[in-house]
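One structure is given below, encoded as structure tokens.
Every chain is numbered from 1, with letters handed out A, B, ... down the list of sequences. All values reported here derive from a predicted model rather than from experimental measurement. Because only heavy atoms are used, hydrogens play no part in the values below, and waters and symmetry mates are left out as well, while side chains stay in.
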Amino acid sequence: MEENKLPTRSENYNEWYNQLVLRAELADYAPVRGCMVVRPYGWAIWENIQKALDQRFKDTGHVNAAFPLLIPQSFMTKEKEHVEGFAPELAVVTHGGGQELEEPLVVRPTSETVIGTMYAKWIQSYRDLPVLINQWANVVRWEMRTKLFLRTLEFYWQEGHTAHASEAEAIEETERMLNVYADFAIKEAAVPVLPGQKSEVEKFAGAVATYSIEAMMGDTKALQAGTSHFLGQNFAKAFDIKFLDENNTLQYCWTTSWGVSTRFIGATIMTHGDDQGLVLPPNLAPYQVVLVPIYRKDSEKTSVMEAVSRLQQGLEAIHVRTKLDDRDGVTPGFKFNDWEMRGVPLRIEIGPKDLANGTIALARRDIPGRKGKQFLPMAGYQEAVPELLANIQDSLLRKATQFRDSHIFEVETYEDFKEVVETKGWAKVWWYDDPENEAKIKADTKATLRNYIPDVQGEGTCFLTGRKTRKMAYFAKGY
RNA sequence: CGGGGUGUAGCGCAGUCGGCUAGCGCGCUGCGUUUGGGACGCAGAAGUCGGCGGUUCGAGUCCGCCCACCCCGACCA
């Protein structure tokens, strides 16, 4: 059916992506342009992301709480850079209860201001510190152009907000959470992100320093997949977050914030997806295994269904997420393609032949076509399935890492730089920091500074200015 | 807000030198045959042709205005 084929990744990546998310029923366009409607399958991916992140937050001493959606407009103006950064993209509520409000409310674009206000009330003493709170929430940023999952007007995320007694401790927290994100992305999503610091130009409005994890999508464009900000005392001063230290001296707190959003679903899709559709990493897939029963006659159906159900229970018992596709009226071939498009990592087929032979047919999604299909003895499935899932998880990470590394090029001249970011991928360069040159590069090539490469040893020559520098950076076109 | 494009059934589109009952593919409903890689037959349901106004015996088709959406820029998790 020609009409049902996806556009290919190479032909039109954007179209491929849009069709993919819509056909896999991950999200729908809302009546309000750019607002999120996530269908159950897509939301299940998000829930798995939430679970994996939440566990890591708790392991690092954080707790969850909830803060208001509506923020008095005046809160947003308290931190100078913050207001400049966010003013253009605020949704403003002017009426409530049928009356015009005395002060307009903005729908939170991020919660530093609300949470800062509460922290000012909660924190009195060094004994109250650190405060390590995370919130799962939706936020609204009135972007001019939207793209499903990557840049929606409304999006879901988690935002962590912490307050500390010392600068060193806050910086440590900022870096810790960056590493938590990197660990999560690599281990759970098999997305080989590169952590590093953002430039002055690209940093968060109101932050002293911003760090990000950067991911390379299947078209080699870069995507900021998570951020961690060291806010210094900027917000503490704007919101009066103070404490008495051990010496009875009144001091401003040092704060951080960090977030990962539903954009990460997009990052996962665009990292692993192929021309057949989604390819989901087993750790995040809503269903890790789909079971497809195959039968012709009613007599076959009974015994096949019985075997399949037993298998499903056996898998659920060892905590494998399964889906039994017992739809009548569609052929097995249709089901195969359907679940491939939805990216289920492993498919098990059981038919009369398998019952006769004591086997199951296993097909792995990460190996395209029928090459990924193998027959195994049914008896060993409780060992074979987890092993295969782990194998797929590893193999996705390996493949994505290889892809990324083969599309990063170290360049020394602007000519080479332009060629790389235009046609090949990311440029890795020695970089002497200069906002004006950064802006010039963006104007010339549309490439932005993704982040600085951490732990660079020694000294080099800036590819653009020829000046000596100790920094290296990635430049790439981004989403 | 600038530049380009598109609006016709749930989705993708054809029809556009005016012409009578507006079409195709997919999907959807019913029945039957099928079912180990996107099944087939028959019978159906579904449309203010983006909106408003104009020209005309007659407008999806021509003219004017408006609206919406998409792509490329400025903005961005």
Paired nucleotide for B:G44 [Watson-Crick or G-U wobble; both distances under 3.5 Å]: B:C28
Six-ring centre of A:Phe403, A:Lys399 cation under 6.0 angstrom, axis tolerance 45°: no
Stretch residues 34-53 of chain A: residues that reach within less than 4.0 Å of RNA chain B through a heavy atom: none
RNA chain B contacts among residues 259-273 of chain A, heavy-atom distance under 4.0 Å: A:Ser261, A:Arg263
A:Asn337, nearest nucleotide to its side chain (from B:G36, B:G38, B:C75): B:G38
A:Met144 side chain, from C-beta outward: closest of B:A74, B:G36, B:C71: B:A74
Watson-Crick or G-U counterpart of B:A14, or none if no pair lies under 3.5 Å: none
Closest nucleotide among B:G36, B:G38, B:C76 to the A:Phe334 side chain: B:G38
Interatomic distance at C1', B:C63 relative to B:A59, whole Å: 11 Å
Phosphate OP1/OP2 of B:G73: any A:Lys446 side-chain N/O under 4.0 Å: yes
Side-chain donor/acceptor contact of A:Arg296 with base of B:G36 under 3.5 Å: no
Lys NZ or Arg CZ of A:Lys147 over A:Phe149 ring: under 6.0 Å, within 45°: no
Sugar-phosphate only, base, or nothing, as touched by A:Leu150 at under 4.0 Å among non-hydrogen atoms: base
